[in-house]
Visitor: 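First the structure, which I've put down as structure tokens, then a few questions once you've had a look.
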Number of protein chains: 2
Amino acid sequence: MPTRRATIHDVAAAAGVSVATVSKAVNGRYGVAEGTAQRVLAEVERLGYASSLVASSMRARQTGVIGVLVPDFEPFTAEILKGVSAGLAGSPYDVLAYAGVRHHASAGWEKRSLQRLSGTLIDAAIMVTPTVIAPSAEIPIVAVDPHTGHGDLPTVESDSFGGAVEATRYLVELGHRRIGFLAGRPDLRSAKLREAGYRQALTDAGIDFDPRLVEVGRYEPEAAGDAARTLLGGARPTAVFAANDLSALAVLGVAAELGLRVPEDLSVVGFDDIPEASRRLPALTTVRQPMHRLGRIAAELAMALMAGETPAQTSILLPTRLVPRATTAAVPAA
Amino acid sequence: MPTRRATIHDVAAAAGVSVATVSKAVNGRYGVAEGTAQRVLAEVERLGYASSLVASSMRARQTGVIGVLVPDFEPFTAEILKGVSAGLAGSPYDVLAYAGVRHHASAGWEKRSLQRLSGTLIDAAIMVTPTVIAPSAEIPIVAVDPHTGHGDLPTVESDSFGGAVEATRYLVELGHRRIGFLAGRPDLRSAKLREAGYRQALTDAGIDFDPRLVEVGRYEPEAAGDAARTLLGGARPTAVFAANDLSALAVLGVAAELGLRVPEDLSVVGFDDIPEASRRLPALTTVRQPMHRLGRIAAELAMALMAGETPAQTSILLPTRLVPRATTAAVPAA
DNA sequence: CTGTTAGCGCCTTCAC
DNA sequence: GTGAAGGCGCTAACAG
């Protein structure tokens, strides 16, 4: 029992032919005698040979692998990944997801990751929440929920502005007037749009914007917790709209610390609808972002691009939907 | 603006040195003059160069990348992936997840995937729900929830037997006597253990095992639906324990088709606690498998193995826990 | 300290 | 129909 993995040489030696012949037989190229091919394939089976993705990608133009580049595997990206996988079902493509954890703190992780894999390991790339993008002409690239204005890149994202308007309006309809906002990272597109939607809904309702009701949580659990403490510390709002679910969960944590009952004393709305939002008790009211569809459509877009098509729609905006659950209620009687 | 990605040659030419020097400078090897290194690094920055993972992995022994091989990206594997990512946080390892979608129907997908990546693209592999395993001596391998008896492979899995006993006993305590079982794939270890747990709990309760109350759903939504139809068609049970959540969701779908109310007419319990289980209404009562921890511990085990340690514990069994939700109730008065 | 040499495993010409 | 040779981008030895 060989402990080393079989290479094309092993197969060639076992079948008594040259490596070139093995390569042709395996890839079904023209110019190999029927009998020879049979013999080679039998050895391939026996030795458990499969061409090294690494080696073949250095020579071959195509690998049949689509890359999904993410900053990290967390709830949001995991949902996208499931969608991509579903979109590729039945296609001849494998999926390779790469999280450049080592550098994802530094800006430009996506450029590094892309550069590392792009040497033809993958035939196309789907980048999730990229911040800066150098459109490489090498392979098709699709951006999902880009953090900056999507340059010329085909993009799939959901309606942050509309979702934020809907969430805020819902709180207004519940009678809330003092509605806090826990903002995301000021440099991110989605964060800015959600804040804009919040302000728009306030304006629509004739409520003056109060800067003291806005704190920045940067989409990070810890920073969000600090921001929430500030927000809930003084003359606190009766409701908080958080720019994403992770931040909303932080708000709930702080509320518990402070002995505030949710939703009796405080209503909370998030954004994304990550699995953790519905799993906890009370379940989080949030704006559902169709993460699964985001991934699926990105996969379809990538396949179209690879096929050389030029889709009319290369900038796709998917609708969001408010999912009322248990963390929101009418404003307590004053 | 160069449209082609920069290679080490481009950097070398730009900096006026040889490719070897660039390689050394980039990798911080000993033996490069300070000034030269500075100049090279400046060019690296300017050209946006990053070494090709593909090319370097062909020469170098280590890549700093841990591979997670999954049959597909679905709820279970996505949770594992999040756990692995968490376990690797702060470590110097990147994560590469690979779904051999093209062949995951065929047995031995894991062998193929491993063979393809193992040419040193990854320093260690975590295989999720592998069926057959050829222990390669090349890199450390950890199995998560293996489908067959774990050979000599380091393994992390959860207590299928105990969880099944607990789930069934819970139904018994609710007064159910006619408890159906929707089985998984007969060839899989976890499936067998769950069935064994079901039967054990029946025996403990002094309830005779009735083969007519058992159908095989193979863990596939469609097959599970058919099995559920059979199960609920004739003299139906008052409760069904499904071998995993996907199957349980199929049971709920069929129950709805048949106009059965859950939990009033029928109680349903699943296994896994995938996000979809708690997201739906009524929320599914299920046995929670600590998927996140499964992944995290697998990552830690892999790192220990890579460090050359030989962990005392290489076969780890994590406890499961029943999560009562809204799909179970006391047996309806007859 | 720096450049040259020799492959890693595979696929693609191009002779034979 | 088959094999030998070259090279993808990179790094580890060894020379200079």
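Proteins get letters first, then strands, A, B, ... in listed order; numbering begins at 1 in each. Bear in mind that the values here come from a model prediction, so they are computed numbers and not experimental data.
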Visitor: Round to a whole Å and report the spacing from NE2 of His9(B) to P of dG7(D).
Guide: 12 Å

Visitor: Figure out the CG/C1' separation between Leu117(A) and dC10(D), and round it to whole Å.
Guide: 16 Å

Visitor: I want to check something: taking the side chain as every heavy atom from C-beta on, are Pro154(B) and Leu305(B) in contact at a cut-off of under 4.5 Å?
Guide: yes

Visitor: Given side chain to side chain contact (heavy atoms under 4.5 Å, CB included), test Val17(A) with Arg39(A) step by step and report yes or no.
Guide: CA-CA 10 Å; Val17(A) 295; Arg39(A) 193 151 35 88; 4.2 Å; yes

Visitor: Mind calculating the distance between CG (Leu121(A)) and P (dC11(C)) to the nearest angstrom?
Guide: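 Computing the Leu121(A):CG to dC11(C):P distance gives 14 Å.
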
Visitor: Using a cut-off of under 3.5 Å, enumerate the N/O to N/O pairs linking the protein to nucleotides 14-16 of chain C.
Guide:
none

Visitor: Distance-only, no hydrogens or angles: does the Ser23(A) side chain make a donor-acceptor pair with backbone N or O of Val19(A) under 3.5 Å?
Guide: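 Pair absent, no side-chain N/O of Ser23(A) close to backbone of Val19(A).
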
Visitor: Just to verify, what does Glu45(A) make a side chain to side chain donor-acceptor pair (under 3.5 Å) with, not counting sequence neighbours?
Guide: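 Result, side chain to side chain donor-acceptor pair (under 3.5 Å) vs Glu45(A): none returned.
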
Visitor: Spell out, as yes or no, whether a donor-acceptor pair under 3.5 Å connects the side chain of Asp94(B) to the backbone of Val65(B).
Guide: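 It does not hold such a pair.
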
Visitor: Side chain of Thr7(A) only, heavy atoms from C-beta on: which candidate in dG9(C), dC10(D), dT2(C) is closest?
Guide: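 Of dG9(C), dC10(D), dT2(C), dG9(C) is nearest to the side chain of Thr7(A).
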
Visitor: Rounded to the Å, how far apart are Met58(B) CE and dC10(C) P?
Guide: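 Rounded to the whole Å, the gap is 8 Å.
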
Visitor: With heavy-atom distances below 4.5 Å as the criterion, would you say the side chains of Phe76(B) and Gln289(B) are in contact?
Guide: yes

Visitor: Would Met127(A) and Leu153(A) count as a side chain to side chain contact (heavy atoms under 4.5 Å, CB included) here? Give the steps.
Guide: CA-CA 10 Å; Met127(A) 322 215 32; Leu153(A) 229 47; 5.8 Å; no

Visitor: Side chain of Arg29(B) only, please: which of dC10(C), dC8(C), dA12(D) is the nearest?
Guide: dA12(D)

Visitor: Through what angle, rounded to 10 degrees, does the axis of the helix from dC1(C)-dG16(D) to dC16(C)-dG1(D) turn between its ends, using five pairs per end?
Guide: 50°

Visitor: Using atom types as modelled and distance alone, determine if a side-chain donor or acceptor of Asp123(A) lies under 3.5 Å from a backbone N or O of Thr63(A).
Guide: yes

Visitor: Just compare dC10(C), dG3(D), dC10(D) and give me whichever is closest to any side-chain atom of Ser51(B).
Guide: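 Looking only at heavy atoms from C-beta outward on Ser51(B), the closest nucleotide is dC10(D).
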
Visitor: Would you kindly compare Ala33(B) and Ser23(A) by the position of their nearest DNA chain C nucleotide and give the one closer to the 5′ end?
Guide: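 That would be Ala33(B).
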
Visitor: Ignoring hydrogens and geometry beyond distance, is the side chain of Arg59(A) in donor-acceptor contact with the base of dG9(C) at under 3.5 Å?
Guide: no

Visitor: Kindly say if Ser52(A) contacts the phosphate of dG9(C), meaning a side-chain N or O under 4.0 Å from OP1 or OP2.
Guide: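 No, outside the criterion.
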
Visitor: Measure from the side-chain heavy atoms of Ile8(B) and tell me the nearest of dG9(C), dA12(D), dT11(D).
Guide: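 For the Ile8(B) side chain, the nearest candidate turns out to be dT11(D).
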
Visitor: Looking at the side chain of Ala55(A), which of dC10(D), dG3(C), dG9(C) is the nearest nucleotide?
Guide: dG9(C)

Visitor: Grab the CG-C1' distance between Asn27(A) and dC10(C) for me, whole Å please.
Guide: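 The distance from CG of Asn27(A) to C1' of dC10(C) comes to 10 Å, rounded to the nearest Å.
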
Visitor: Just compare dC10(C), dT2(D), dT11(D) and give me whichever is closest to any side-chain atom of Thr36(A).
Guide: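 The answer is dT2(D), which lies nearest to the side chain.
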
Visitor: Donor-acceptor pair, Thr148(A) side chain versus Thr131(A) backbone, under 3.5 Å?
Guide: yes

Visitor: Rounded to whole Å, how long is the line connecting atom CD of Gln38(B) with atom C1' of dC1(C)?
Guide: 16 Å

Visitor: Please determine, by modelled atom types, if Thr129(A) and Tyr219(A) share a side-chain donor-acceptor pair under 3.5 angstrom.
Guide: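 No pair is found: no donor N or O on one side chain lies under 3.5 Å from an acceptor on the other.
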
Visitor: Would you mind reading off the distance between Leu53(B) atom CG and dG9(D) atom C1', rounded to a whole angstrom?
Guide: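 These atoms are roughly 12 Å apart.
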
Visitor: OP1, OP2 of dG3(C) versus side-chain N and O of Ser18(B): anything below 4.0 Å?
Guide: yes

